[in-house]
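Here is the structure we will look at.
In each ligand, atom 1 is the first atom listed, and ligand 1 is the first ligand listed.
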Amino acid sequence: MSHYASDSTVKALTVNDLAAMKQRNEKITCLTAYDASFSVLIDKAGIDMMLVGDSLGMVVQGHDTTLPVTINDMVYHARCVSNARRRAFVIADLPFMSYTTPVVAAQNAARLMQIGGAQMVKLEGPRFEIVSFLAGQGIPVCGHLGLLPQMINQLGGYKVQGKEPADAARIIADARQLQEAGAGMLVLECVPAALAKEISGQLSIPVIGIGAGVDCDGQVLVLYDMLDIGIIKRPRFSRNFMLDAESIEAAIHAYHKAVKLLQFPSSEHSF
Ligand code: KIV
């Protein structure tokens, strides 16, 4: 454990702290993180959560999709991030095909928590049985609905989800059922802002948006997109926070402040 991480004056955030933030209408800030150096910068800037996302398959490993990412990759990067964090809540993605059955999911989630140091695991789609089983084992779970990058070959492209009334109704029903199954948080990716607002209002758990409008309980962006250092074109819903910043630290601070003050995302970053 690093010297930075062992600072005992800083209290690590818990699921209860994040739930309380939703209760008092304080926006939750989150950025993806994949290594210890960025973990320190993000944590020092006061960002509430770090997501060790399987987006690392694209921005760190250079793949076209997140599909090649393995559970070993995720455990390694989660460990790097956790080693250096002291306050931010750490969530790690279960990658493609690592939650095919409840037992497989539990074994892989346990590795993310025991070796990777994650406090919560995230999985994509309406996988109620898996969520219920993990929650029953004491594993905090974050659901992920809307655009599901692990399903890209079925979806046929990175498109906004839930535009048709029937699709929107299905996403609302899935969100409610994930909460009932025991999910402690939900990520909504690339859905209309009005739909995300409806879901955030209906659920008691924090709803974190990415391309989902300003009315979610919190926001997450891929770090490399908002620092404009990605090898992939920045999506429309993201913003280059380096444009008006003198340093990476300043850009992360600006993102944190903009989310807390409801200045990001604006309508130009929403659908
Ligand atoms: O992998 C990731 O970075 C994610 C975010 C896009 C939410 O899941």
Short N or O separations between ligand 1 and the protein, below 3.5 Å:
residue  : atom  : partner : partner atom : Å
ligand 1 : 1 (O) : D54     : N            : 3.1
ligand 1 : 1 (O) : D54     : OD1          : 3.1
ligand 1 : 1 (O) : S55     : N            : 3.0
ligand 1 : 1 (O) : S55     : OG           : 3.4
ligand 1 : 1 (O) : D93     : OD2          : 3.1
ligand 1 : 3 (O) : S55     : OG           : 2.6
ligand 1 : 8 (O) : K122    : NZ           : 2.8

Do any pairs count as a side-chain hydrogen bond (donor to acceptor under 3.5 Å, both in side chains) and have a residue in residues 199-210, sequence neighbours left out, and if so which ones? R176-Q202, Q179-S204, E198-Q202
With no hydrogens and no angle check, just 3.5 Å: does a side-chain donor-acceptor pair link S39 and Y34?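 No donor-acceptor contact under 3.5 Å links the two side chains.
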If the plane angle is over 60° it's perpendicular, under 30° parallel, otherwise tilted; pick one for Y224 and F38. tilted
Non-neighbouring partners of K22 that pass salt bridge (charged side-chain N to carboxylate O under 4.0 Å, His left out), sequence neighbours left out: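 Listed in chain order: D217.
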All pairs passing salt bridge (Lys or Arg N to Asp or Glu O under 4.0 Å) where residues 51-77 contributes a residue, at least two apart: none
Could you walk me through whether E249 and K44 pass salt bridge (charged side-chain N to carboxylate O under 4.0 Å, His left out), step by step? CA-CA 9 Å; E249 287 96 321; K44 276 186 169 170; over 6 Å; no
